[in-house]
Amino acid sequence: MAGYRAPVALTIAGSDSGGGAGIEADLKTFAALGVHGVVAVTSVTVQNTLGVYAVHDVPPEIVAKQIEAVVEDMGVDAAKTGMLSSSDIVATVAATLRRYDFPLVVDPVMAAESGAQLLSQDAVEALLEELVPRATLVTPNRMEAERLTGITIRSLEDARRAARLLVEEYGAEAAIVKGGHLGGDESIDVLYYRGTYREYRAPRIRGGCTHGTGCSFSAAVAAELAKGRGLEEAVETAKKLVTMAIEYGLRVGRGSCPVNPLAWLEIDAWKWRVVKNVEKALARLLAGERLVLPYAPEVGINIAEALPLPYARSVDDVAGVLGRVVKTPRGLRAGGPVALGASNHLARLVLAVMRYAPWLRSVVNIRYSPELVEAAESLGYRVARVDRGMEPRETRRAEGGTMEWIARSVFSQRVVDIVYDEGDWGKEPMVRVFGENAIAAVEKLLSVLERAGRR
Ligand SMILES: Cc1ncc(CO)c(N)n1
């Protein structure tokens with residue numbers, strides 16, 4: 001790839017042993033945005049989702065040398081600073097950065113989510129005097145903006161005044177006061193840049209994961225600046241990435257759970273992958289038409305594959321065949337293309353099954369016949385029967401309730417490959433074959449049909 005050089009972003013920040021904030025969050029964010037990340041570690045924190053237990057600062061000259069080493073070898077396109085615990089580190093970092101002219105995002109990290117202080121009082125002053133004037137953008141949250149400017153922030157107007165002060169009084173090129181801690185159904189950030197204000201809004205996410213939010217936001221802005229994006233565009237992307245990172249947060253630990261900056265990248269990649277897998281599985285099914293036709297149900301066949309957790313939330317996160325696969329006088333035909341949200345019943349079934357067996361992301365259905373169960377068992381598959389006559393009235397009435405009932409009544413007891421029922425009044429008897437992906441589920445189904453046909 002002659003002539004191509006990957007964009008490089010530098011984070012000058014502390015390490016969070018819990019992997020949720022600090023340089024660990026920054027590197028994931030850089031990766032999510034397609035930027036190579038390099039680091040200058042300022043401090044090693046002993047930390048998890050519950051709190052910060054110890055802090056060990058790196059000597060300032062080692063911090064400076066890390067910066068020099070990466071800048072002089074690879075070149076840095078943009079940088080961010082995070083935790084800079086002492087005024088000595090702030091002063092050394094500021095002096096080192098003054099020698100270079102790449103864009104710089106200053107995240108004035110003061111405390112962890114748990115309340116632990118990560119910056120001494122004299123370091124706050126050093127930050128304002130030495131680093132803020134070098135900043136392309138300063139990214140305080142409400143509390144940090146209050147401590148930096150002395151303004152009590154209770155309204156958007158207060159946030160605007162604080163942002164403007166950081167630019168006009170303290171010399172940053174731009175400042176954004178993040179509104180995640182102000183009340184309301186929206187999280188509103190106020191940017192002051194080139195003499196004007198701009199607001200960035202996102203819905204407030206209830207029950208999301210917020211440990212590392214600030215780190216991820218400032219890293220995302222730095223990554224976008226490293227790619228040559230303009231400041232306002234970079235902030236827009238950062239706001240979207242962080243909102244997703246909170247919504248699809250990593251459910252680990254007993255305290256404040258970490259954001260998931262990779263959600264941004266992974267959701268897109270998985271949407272492609274599940275559609276492709278169902279397309280391949282469909283081609284495989286159609287190639288096995290001879291085996292399938294005798295068992296084609298009246299209601300048609302579908303193949304469903306869901307995004308993995310935590311991304312699979314609704315039927316729109318499950319790929320299927322639009323219009324199903326039906327028996328026609330000319331053989332099996334797909335009603336339409338493969339798409340997300342194209343299946344309803346099987347999508348609900350697989351979403352419900354994943355609560356018990358998250359790796360079983362796919363299912364395909366076929367009409368029940370006793371020899372299929374016999375063949376499946378002889379191949380060593382785990383098979384369970386459900387009696388639809390036993391289904392409680394409540395789940396029958398609820399939208400998708402039957403599928404949830406099937407999943408719960410079987411998978412809460414044990415994990416199986418196949419679930420069948422012998423039907424009920426007006427309900428066609430059905431076999432449902434599960435797999436780790438659509439191709440695996442269809443192969444499993446075809447192996448059963450093949451075995452049944454040889455008897
Ligand atoms: C290392 C580190 N940097 C920043 C924060 C702020 O979330 C944290 N908790 N830990």
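Counting starts at 1 for both ligands and their atoms, in listed order.
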Would you be so kind as to tabulate the donor-acceptor pairs closer than 3.5 Å made by side chains of residues 8-24, with sequence neighbours excluded?
| from | atom 1 | to | atom 2 | distance (Å) |
| --- | --- | --- | --- | --- |
| Thr11 | OG1 | Asp26 | OD2 | 2.6 |
| Ser15 | OG | Glu24 | OE2 | 2.8 |
| Asp16 | OD1 | Gly18 | N | 2.7 |
| Asp16 | OD2 | Gly20 | N | 3.2 |
| Asp16 | OD2 | Ala21 | N | 2.8 |
| Asp16 | OD2 | His211 | NE2 | 2.9 |
| Ser17 | OG | Gln47 | N | 2.8 |
| Ser17 | OG | Gln47 | O | 2.6 |
| Glu24 | OE1 | Asp16 | N | 2.7 |

Nitrogen or oxygen contacts under 3.5 Å, ligand 1 side and protein side:
| from | atom 1 | to | atom 2 | distance (Å) |
| --- | --- | --- | --- | --- |
| ligand 1 | 9 (N) | Gln47 | OE1 | 2.8 |
| ligand 1 | 10 (N) | Gln47 | NE2 | 3.2 |

For Tyr311, give me all partners under ring-ring contact (aromatic ring centres under 6.0 Å, His included), at least two apart in sequence or on another chain.
Tyr248
Phe434 and Phe411: aromatic ring centres closer than 6.0 Å?
yes
Distance to the ring centre below 6.0 angstrom and angle to the axis at most 45 degrees; does that hold for Arg134 and Phe102?
yes
The complete set of salt bridge (charged side-chain N to carboxylate O under 4.0 Å, His left out) pairs with one or both residues in residues 190-199, sequence neighbours excluded, reads Arg160-Glu199, Arg198-Glu232, Arg198-Glu236, Glu199-Arg201
Sidechain-backbone polar pair: Glu391 side chain, Arg396 backbone, donor-acceptor under 3.5 Å
yes
